[in-house]
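To start, the structure itself, in structure tokens.
Note that the structure is predicted; figures quoted are calculated from it, not measured. Just so it is clear, the values below take in all heavy atoms, side chains as well, and ignore hydrogens, waters and symmetry mates.
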Amino acid sequence: MSSAEVNLLTASVKQYHYKLKAYTGLVNRLIIAQMLALVFSYVGATGMMSSGNDELTVTVSTYSASMVIVFSIFWIITIAITLTTKQYKKIELPLVGTRISGNLSDVGFLLTASVYAGMTSSLFGVLLRIIMYFTSDSSKIVFDEFSLAFPDLLLGMVVAILYMALISAMAYCTGVLAQVNMAFVIIIPVLIFGSLKVYTNFMQSVFKFYVGETFLPLFALKILFTSLILFGISLLLSNRMEVNR
Amino acid sequence: MGVIQCEDLTKFYGKIKAIDHLSFKIEENKITGLIGRNGSGKTTLLKMIAGYLKPTSGELNVFSGKPFNSLAVSANSIFIDDTMTFPDSLTLSDILTEVAPFYANWNSSLANGLFDYYSFNPQQPHSNLSKGTKSTFNSILGIASRCPLTILDEPTTGMDSAVRKDFYRALLKDYLEYPRTIIISSHLLSEIEELLEDILLINQGAKCLHLSVMELKELAVGIRGNAQVVLSFVEGKEILYQEDFTKGSLYVVIRRNLIEQQFELIKQSGLELFPVSTDDLCIYLTANTKGGIGDVFSRG
Amino acid sequence: MILNTDSMKPIYVQIAEWLEGEILSENIKAEERIYSQYQLAEMFTINPATASKGLNILADQAIVYKKRGLGMFVSPNAKQFILSKRRGQILGQMIKELVMEANRLDVSESELNKMIENVRKENEEET
Amino acid sequence: MRTSLVFSQLLLLIVLAIIFIFPKIRQKVSVYISWKGNFIVAGLYLGLLIILVPTLYMLPDKSFVKLMDDKDQAIVLSQDAISSMYQHLPLAVNLDTQQGIYRLSSQTFKVDTKQLSFNIDGAINSGNHQIFVERKDVDDGEIEVSTYEATQLVGGIDFTKLILPLTVSYQNGTLSFRSAGRQTFDFRQFNPDFTVNQFKGQTFWDLNRGSSIFSGQIIYLRVPKSLEIDQGKYNDYIRMLNGETP
């Protein structure tokens, strides 16, 4: 008998590669979600402003890819949660590894998905502009933001990816909690949302902490730190869990 | 060296006791059959050995370490059962190539050979397979992975008898070429007993027997004949099984070592001696009540 | 000790008897190497431990002997030994049972002898 | 506007439902795509979107609407000019050269009677517009009518040049003004995604949302020296530049 020596990192990387192949099909759902969001963004502009007097009415419809990003965030929430379900965890069983390597490979997959979803959803701003260019009279299109500045595009991608990472970490952690005990899914929202005052305060402080941050490096740091904590909690929680009962 | 050492192992699911103070030791490179009735705790025990489940109390060591959530145990063992799931985006041939890198001793020519032999469709997803073909495919993984500890939980579920025979042959041939510790669980012993070296019989989570197949085969003997005469021989001895026939004829199963010296005498008294098949013996040993199903009907 | 009340003999006994048959029919001659436990395991799809026990039966009776590092070899007088053993032990046991069964079925001695004679004649015609 | 919001929220819910139900549907429909196929789809999709970036920058330039700041010099000046027009007569500004004020139309009519009267369409009879009348030094028998518009903004969008001038016609001594009809302008503006907005601060928002400037058209008449002018009921809108009161 030769005893195979494996370290945690190699096992995690192998599982990550396996999962990447196993779950790429989830991209189809992302594409559908993004396409639908595009239709909404185009048909019902995200914002509208009307002004006028008796003889004139001026309507300014505002467009952005925000809806696509929001839909992509919903997508990543659903996959982060499904990854924690027993049905999906069973896929790890024939593979060499532990709960930690399983979690690490999940995190790797979610980060990859975040990068992919963040990139594609931000690029939808470009697609939306091109569609507008060909379908609308140019004298109706406001040039200022139409001429999307490249640094802004990159900034949007980075921020979208960071948001996806944060939200996937939150969703994954919630999923793991639900696996540990279904009661958490009820208890935690009750604790947080139980009192409306606490809820508003909580949401406001969360909002201020992330959405209110206007300095990119600090924002990135906050997100990375929070995601790390959330993934860490998930890892510790699931490390003691039994599988495939 | 014992690959698996188990001391006073107990496992509860909530308040239900699945494994009850179990102690045994499985030696390296032996094929052991884990036999027990449905619900006797076979799968629970195997999942604890594979590191999926955590023992409630007692000691369990696999490769001299605790198996639960252990990377070393995971790297050196494989657990095959019919609930194994694979993602639908991987075809059967994909699965063979994707699973291979996880196992250091993976023999891909063997895997592909078996895969072709059973004429699987390489483009099919795993979830589309019927119960029997799923078991067949999973058994390929179990054999080709050549894990130092190979755990096969009811590996032949749904297989037809031809495939079963092929599977046992393939397992044995590869075992001879590449010896390893194999545990096969089954509720049907007769089919695998030739393959096995040892048998671990459990009943309601507790150990019943752990001995070699050869010893098991000679463990008990059946005596049939006139009830009075039979009873005179087995008086005061533990009767494993007893069945009444018409006209005062009686069949009893008794431990062979209790009665070995009296064989000649028994034969001369006009009684018949029978070997007891291992399957029957296991049923007698794990029976909760003495007497068979016939008793239920004769009581009324 | 072999429990011989039924044809359901343990596998290792059947292995030993099969090997004896091979030696009797001179498929394996004296001083030749006999099958290893692994070859036997593969041939009969049995656990090598079972096969090993079958070989050990022969070794215990000195029908085969062990050469260090080379395996098991057939003893020079193996065939003779098997023949005499089968005559004495096995045939004796079988005749004992035959007689018991004949008594139970009320078959007289002459009738039994005639039946044996018939079977022998049939076998001779076949060969 | 509200209905579209409700509509899109409803659709959002439907999509969420689809996303959640989809795996179950997929299991039933069971169209299996191998991972290679999925990889190709994912790669193509991303590749296509990336190719759009250079495409966007290579699109031929068109006459897009440019945003203006309401603190723009020309706009400030034109607004000053308009307010001064009401307070100080005669006019201190030259409409044709004043920055931020554009001429929409210019017409000349032959005088056919000695008296000039006005007829203003009901639709424009709401005090949006002002008519300024200047007497020329000579009796050349011609009435020159020009319409002007000061810069108008909605959310920084200058739509001044798109505004149709009032229709002016002259017959039997009556100058008629008719509205060009109700005008609607639709503009399409892009906002940065919320991900970008967060780091652009609030300034951008303020700039575009705050500025809305509407004003009516200015009609400038130059009439022959001796033409008699009957303001009729419109004397609120008509201002004589030579200091005369009708």
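- When atom types are taken as modelled, the side chain of D:Tyr45 and the backbone of A:Thr120 share no donor-acceptor pair closer than 3.5 angstrom.
- Contact of A:Val159 with chain D is made through backbone and side chain together, with heavy-atom distances under 4.5 Å.
- The two residues D:Arg188 and A:Ser136 come nearest to each other via the heavy atoms NH1-OG, 3.0 Å.
- For the side chain to side chain contact (heavy atoms under 4.5 Å, CB included) test, residues two or more places apart in sequence or in another chain that qualify with D:Lys36 are B:Asp94, D:Ser34.
- We find the OG1-CD distance between A:Thr57 and D:Gln183 to be 9.5 Å, quoted to the nearest 0.5 Å.
- Remark: side-chain polar atoms of A:Thr62 are not paired, donor with acceptor, to backbone N or O of D:Asn191 under 3.5 angstrom.
- Of the inter-residue distances, the one linking A:Phe215 atom CZ with D:Phe199 atom CZ reads 10.0 Å to the nearest 0.5 angstrom.
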For the pair D:Ile157 and A:Val58, evaluate side chain to side chain contact (heavy atoms under 4.5 Å, CB included) and give the outcome as yes or no after the intermediate values. CA-CA 10 Å; D:Ile157 299 167; A:Val58 182; 6.0 Å; no
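- Contact annotation for D:Pro54: neither backbone nor side-chain heavy atoms come within less than 4.5 Å of a heavy atom of chain A.
- How far CZ of D:Phe185 is from NZ of A:Lys140: 10.0 Å, rounded to the nearest 0.5 Å.
- With sequence neighbours excluded, the residues that form a side chain to side chain contact (heavy atoms under 4.5 Å, CB included) with A:Ser101 are A:Leu8, A:Ala11, A:Ser12, A:Gln15, A:Thr98.
- In terms of heavy-atom pairs under 4.5 angstrom with chain A, the leader among D:Asp186, D:Leu48, D:Ile50, D:Ile163 is D:Asp186.
- Contacts of A:Phe146 with chain D are made by both backbone and side-chain atoms, with heavy-atom separations under 4.5 Å.
- Using a 4.5 Å heavy-atom cut-off against chain D, the contacting residues of residues 147-156 of chain A are A:Leu148, A:Ala149, A:Phe150, A:Asp152, A:Leu153, A:Leu155, A:Gly156.
- Taking chain D as the reference chain and counting heavy-atom pairs below 4.5 Å, the highest number among A:Val211, A:Leu127, A:Val27 is found for A:Val211.
- No other option in D:Leu59, D:Val41, D:Thr184 has as many heavy-atom pairs under 4.5 Å with chain A as D:Leu59.
- The environment of D:Tyr57 atom OH is dense: over 12 non-hydrogen atoms of other residues, nucleotides or ligands sit within 6.0 angstrom.
- Heavy-atom minimum distance, D:Asp193 versus A:Ser66: CA-OG, 3.5 Å.
- By the 4.5 Å heavy-atom criterion applied to side chains, D:Gln152 and A:Leu56 are counted as neighbours.
- With rounding to the nearest 0.5 Å, the separation of CD1 in A:Ile31 from CG in D:Leu46 is 10.0 Å.
- When the side chain to side chain contact (heavy atoms under 4.5 Å, CB included) test is applied to D:Thr167, the partners found at least two apart in sequence or on another chain are D:Arg178.
- Side-chain atoms of D:Leu49 and A:Met119, non-hydrogen and from C-beta on, never get closer than 4.5 Å to each other.
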task = For side chain to side chain contact (heavy atoms under 4.5 Å, CB included), just list the numbers for A:Leu128 and D:Phe190, CA-CA rounded to whole Å, side-chain angles, deciding distance to a tenth of an Å, and then say yes or no.
result = CA-CA 9 Å; A:Leu128 197 59; D:Phe190 281 88; 4.0 Å; yes
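- Pairing each heavy atom of D:Pro192 with each of A:Ser64, the nearest pair is O-CB, 4.2 Å.
- Between chain D and the options A:Ile141, A:Val68, A:Val126, A:Leu20, heavy-atom pairs under 4.5 Å are most frequent for A:Ile141.
- Interface remark: of the candidates A:Ile69, A:Leu162, A:Leu30, A:Ile69 forms the most heavy-atom pairs closer than 4.5 Å to chain D.
- The shortest side-chain heavy-atom distance between A:Tyr133 and D:Pro60 falls under the 4.5 Å cut-off.
- Contact check for A:Leu123 versus D:Val53: side-chain heavy atoms found under the 4.5 Å cut-off.
- Contacts between D:Phe39 and chain A at a heavy-atom distance below 4.5 Å involve backbone atoms as well as side-chain atoms.
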